[in-house]
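Indexing begins at 1, ligand by ligand and atom by atom, following the structure's order. We number each residue from 1, following the sequence as shown.
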Amino acid sequence: MTTILKLGGSVITEKDRPETLDGPALDRAADAVAGRSDLVVVHGGGSFGHHHAAEHGVSTTEGSTDPDAVIAIHGAMATLNRFVVSRLRDRDVPAVPVHPLSAADRDGSGALTLPSGAPERLLGEGYVPVLHGDVVAHGGEGVTVLSGDEIVVELAAALEADRVGLCSAVPGVLDDDGEVIEEIREFEAVADALGASDATDVSGGMAGKVQSLLSMETPASIFDLDGLAAFLDGERVGTTVHGGT
Ligand code: IP8
């Protein structure tokens, strides 16, 4: 029963202060993960990756050819990854780092290749691979950002994951009244609540997240730290996005 868990960067870092960990939040997440197996962890950038990416004008589509941009963005993400791995190791989780920059790439059209051999083999050997949003080589652009959400979508298919969970700063996708929407099966049904009138014209944020989750075969749950342990226990929490569309 393979589970892929994304820890949102806004959960485990203080988003408004450059390179600042939210230590208590990361501890809570690590406590919830302790004792689990058959798990892949992916974490986002928060105030580590996004701060440097903005400084260098790098996004998932806008690249940079400056080697110092690669070193700054990847370096900050590697630092955050060390924090995540070490808090998991403190709880005896067999966590090991996996860095996408060394393996993934986008071609000139932006199509992503993320080899899954290492995480899959590590998982099979009993480890908990911990991947992170990163920069990756991008044909004609230098490097661009690879988001943690993209990693989740790729790995869920490659590893035929049974469950996918996104631990975010909000308890789920919220409707106009601020209530958690329990299930999403099509984007149009929630486009208004997500503030996106045109399904083809959304990027990033919750709208982009929901759209990419709808492309997956594996159902995905969006919840906050309060729901993490229950999700890992197999319970239904937050919003479940049923993909396959
Ligand atoms: O927070 C982005 O990952 P995300 C990582 O999952 C970088 O979007 C390098 C900004």
query: Checking side chain to side chain donor-acceptor pair (under 3.5 Å) for the pair Asp149/Ser147: CA distance, chi angles, key distance, verdict?
result: CA-CA 5 Å; Asp149 290 357; Ser147 77; 5.2 Å; no
message: Looking at ligand 1, is there an atom of it that comes within less than 4.0 Å of some heavy atom belonging to Val135?
response: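 Checking ligand 1 against Val135, which is what was asked, there is no heavy-atom contact under 4.0 Å.
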- prompt: With a 4.0 Å cut-off on heavy atoms, is His132 touching ligand 1?
  reply: no
message: Below the 3.5 angstrom mark, is there an N/O of Asp134, backbone or side chain, next to an N/O of ligand 1?
response: no
message: Using a plain distance cutoff, I'd like to know if His50 has any nitrogen or oxygen under 3.5 Å from a nitrogen or oxygen of ligand 1.
response: yes
message: Tell me whether Arg89 contacts the main-chain N or O of Val93 through its side chain, where contact means a donor paired with an acceptor under 3.5 Å.
response: yes
- prompt: Between Ser47 and Arg17, is there a donor-acceptor pair closer than 3.5 Å when you use the side chain of the first and the backbone of the second?
  reply: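 Flag set: sc Ser47 to bb Arg17 pair under 3.5 Å.
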Electrostatic pair Arg28:Asp226 at N-O distance under 4.0 angstrom: yes
- prompt: With a 4.0 Å cut-off, would you call Glu141 and Arg106 a salt bridge?
  reply: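 Answer for the salt bridge query: no.
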- request: For this output row, return yes or no: ring centroids of His52 and His74 closer than 6.0 angstrom.
  value: no
Considering only the protein, which heavy-atom contact is closest to [atom], and what is its distance?
| atom | answer |
| --- | --- |
| atom 3 (O) of ligand 1 | Gly148 N, 3.5 Å |
| atom 10 (C) of ligand 1 | Gly49 C, 3.4 Å |
| atom 9 (C) of ligand 1 | Ile73 CG2, 3.5 Å |

What are the atoms of ligand 1, with element, lying closer than 4.0 Å to any heavy atom of [X]?
| X | answer |
| --- | --- |
| Lys6 | 6 (O) |
| Gly133 | 3 (O), 5 (C) |
| Met77 | 9 (C) |

- request: Provide the full list of ring pair (Phe, Tyr, Trp, His ring centres under 6.0 Å) pairs with a residue in residues 151-183, sequence neighbours left out, each pair given once.
  value: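 Sorted result for residues 151-183: empty, none.
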task: Answer with side chain, backbone, both or neither: which part of His52 has a heavy atom less than 4.0 angstrom from an atom of ligand 1?
output: neither
Without placing hydrogens or testing angles, list every side-chain donor-acceptor pair under 3.5 Å for residues 153-174, not counting sequence neighbours.
unit_1	atom_1	unit_2	atom_2	d
Asp162	OD2	Thr2	N	2.7
Arg163	NH1	Phe231	O	2.4
Arg163	NH2	Phe231	O	3.2
Arg163	NH2	Glu235	O	3.3
Ser168	OG	Val170	N	3.3
Ser168	OG	Val170	O	3.0

